[in-house]
Amino acid sequence: MNNPVLRGHTCYLKWDKKRRQKSSADWEWHYDTHPEERLLSEEEYTLIQDHLAHHSKSVRSSGEKFYLTGLTVCDVCGSRAVLKRNQQYVYYGCRHSGVSCDNRGCIQVSVLEQAVVGRLHQRALAIREGDATVSAVVGQQQSELASLQQQREQLTSLVAQYPESNGALKQTLRDLEQQIQALEQRSQLDMLRDSTAEELIRLPEAGDLGFWFSLSLAERELIYPKLV
């Protein structure tokens, strides 16, 4: 699907002296050499590349995952940026740079991460300040747990006051304890996976800048597609 011949172009000098394929930006391009035999248009090719980039989350050389792949786009042509690397840095750049796009700029993953975190933090603070008359929406898991814990306190107080109460009350308390334990055992990942974008940005800890930097890669892969 990446072969330019399918789009009506011909390329030369695609391999180096060790027979390793060079970057497409370093090929010798001859455009529209056989337009009548074209099987893919440039628009179709771009759509295919965007689809592949959106579903690609890893770098084959290291197996590391990058949660911003598929969310980063070129500011010039609008195509989804691809992950690139050199000996020192990992960065994003336009997939068509030097071919059909003049944007040769790149941005390091670390710099992009700081910029995204800064905007998310600002958004969380702005929502918090704008919610003076509206109660903040919190994650479903947190609100449900708080409600169950309150019910447990009330039932525990009743059982203490009436130790000779019937078994139904004590059984209800045991069932409630099991529900609380099950909910408490749910991982942070489960909560992030089930929360909506609105619930995530309104979490009390979202107003703390350190919260965003403390997220693991797995947690960022869950919430960034919802928020970015």
Side-chain angles (χ1 to χ4, degrees), residues 1-123 197 201 212-213 215 217-228:
M1 302 301 290
N2 290 322
N3 193 331
V5 171
L6 299 179
R7 310 197 305 276
H9 313 314
T10 302
C11 293
Y12 300 100
L13 304 179
K14 297 166 60 177
W15 308 87
D16 61 19
K17 294 181 180 179
K18 294 184 179 180
R19 301 302 300 168
R20 294 175 301 190
Q21 190 173 49
K22 296 187 289 186
S23 169
S24 59
D26 297 326
W27 298 350
E28 179 184 313
W29 285 77
H30 297 268
Y31 295 97
D32 297 323
T33 54
H34 48 285
E36 300 299 327
E37 300 173 352
R38 181 183 290 120
L39 298 179
L40 280 178
S41 67
E42 292 297 331
E43 292 77 13
E44 291 172 328
Y45 172 73
T46 299
L47 288 174
I48 291 172
Q49 294 303 305
D50 289 348
H51 178 79
L52 294 175
H54 183 70
H55 289 84
S56 175
K57 293 286 185 179
S58 65
V59 181
R60 290 193 182 98
S61 59
S62 65
E64 295 177 273
K65 293 183 178 180
F66 291 86
Y67 36 87
L68 293 174
T69 297
L71 303 176
T72 309
V73 299
C74 174
D75 193 42
V76 176
C77 69
S79 299
R80 297 192 185 277
V82 293
L83 198 65
K84 305 179 181 181
R85 64 168 58 242
N86 56 28
Q87 294 180 347
Q88 292 181 304
Y89 304 109
V90 180
Y91 52 94
Y92 282 101
C94 179
R95 65 173 58 256
H96 304 302
S97 177
V99 182
S100 58
C101 180
D102 295 329
N103 185 7
R104 295 182 177 273
C106 295
I107 183 170
Q108 294 180 30
V109 169
S110 58
V111 176
L112 184 59
E113 164 67 8
Q114 292 181 11
V116 171
V117 165
R119 291 295 297 273
L120 291 176
H121 180 234
Q122 292 175 8
R123 180 62 175 159
I201 201 65
W212 298 100
F213 286 106
L215 294 172
L217 287 177
E219 291 169 342
R220 295 178 189 187
E221 284 192 327
L222 284 175
I223 70 175
Y224 271 57
K226 297 180 182 181
L227 294 177
V228 174

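Keep in mind the model is a prediction, meaning the values are calculated, not measured.
Checking Glu36 against His34 by side-chain atom types alone, no donor-acceptor pair falls below 3.5 Å. A donor and an acceptor atom, one from each side chain of Thr69 and Tyr92, are located under 3.5 Å apart. Residues His96 and Glu42 bring no donor and acceptor atom of their side chains to less than 3.5 Å of each other.
Val228 has its side chain out of reach of Arg119: every pair of non-hydrogen atoms, C-beta onward, lies at least 4.5 Å apart. Under the 4.5 Å side-chain criterion, counting only non-hydrogen atoms from C-beta, Ser100 is not in contact with Cys77. Side-chain contact between Cys101 and Ser79: absent, with no pair of heavy atoms (C-beta onward) separated by less than 4.5 Å. Within the 4.5 Å cutoff, no side-chain heavy atoms of Pro4 are placed close to those of Tyr45.
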* To do: Give the intermediate values and the outcome of salt bridge (charged side-chain N to carboxylate O under 4.0 Å, His left out) for residues Lys14 and Asp26.
  => CA-CA 7 Å; Lys14 297 166 60 177; Asp26 297 326; over 6 Å; no
* Please walk me through it: do Leu71 and Arg80 pass side chain to side chain contact (heavy atoms under 4.5 Å, CB included)? -> CA-CA 7 Å; Leu71 303 176; Arg80 297 192 185 277; 5.6 Å; no
* To do: Determine, stepwise, if the pair His9 / Trp29 fulfils side chain to side chain contact (heavy atoms under 4.5 Å, CB included).
  => CA-CA 7 Å; His9 313 314; Trp29 285 77; 4.1 Å; yes
* Asked: Should Glu28 and His30 be marked as a side chain to side chain contact (heavy atoms under 4.5 Å, CB included) after you check the CA-CA gap, both sets of side-chain angles, and the distance that decides it?
  -> CA-CA 7 Å; Glu28 179 184 313; His30 297 268; 2.7 Å; yes
* Steps toward side chain to side chain contact (heavy atoms under 4.5 Å, CB included) verdict (Leu227, Ile201) -> CA-CA 8 Å; Leu227 294 177; Ile201 201 65; 4.3 Å; yes
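Remark: Asp75 engages no residue in a side chain to side chain contact (heavy atoms under 4.5 Å, CB included) (not counting sequence neighbours).
Residues Val82 and Arg95 approach most closely at CG1-NH2, 3.1 Å, considering heavy atoms. The two residues Leu39 and Glu44 make their nearest non-hydrogen contact at O-OE1, 4.1 Å.
For Arg38 (side chain) and Arg7 (main-chain N/O), a donor-acceptor pair under 3.5 Å exists by modelled atom type. When atom types are taken as modelled, the side chain of Lys84 and the backbone of Gly93 share no donor-acceptor pair closer than 3.5 angstrom.
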Under 3.5 Å donor-acceptor pairs involving side-chain atoms of residues 103-116, not counting sequence neighbours:
unit_1 : atom_1 : unit_2 : atom_2 : d
Asn103 : OD1    : Gly105 : N      : 3.0
Glu113 : OE1    : Tyr67  : OH     : 3.2
Glu113 : OE1    : Tyr224 : OH     : 3.3
Glu113 : OE2    : Arg220 : NH1    : 3.2
Glu113 : OE2    : Tyr224 : OH     : 3.2

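Taken to the nearest 0.5 Å, the CG atom of Asn3 stands 9.5 Å off from the OG1 atom of Thr10.
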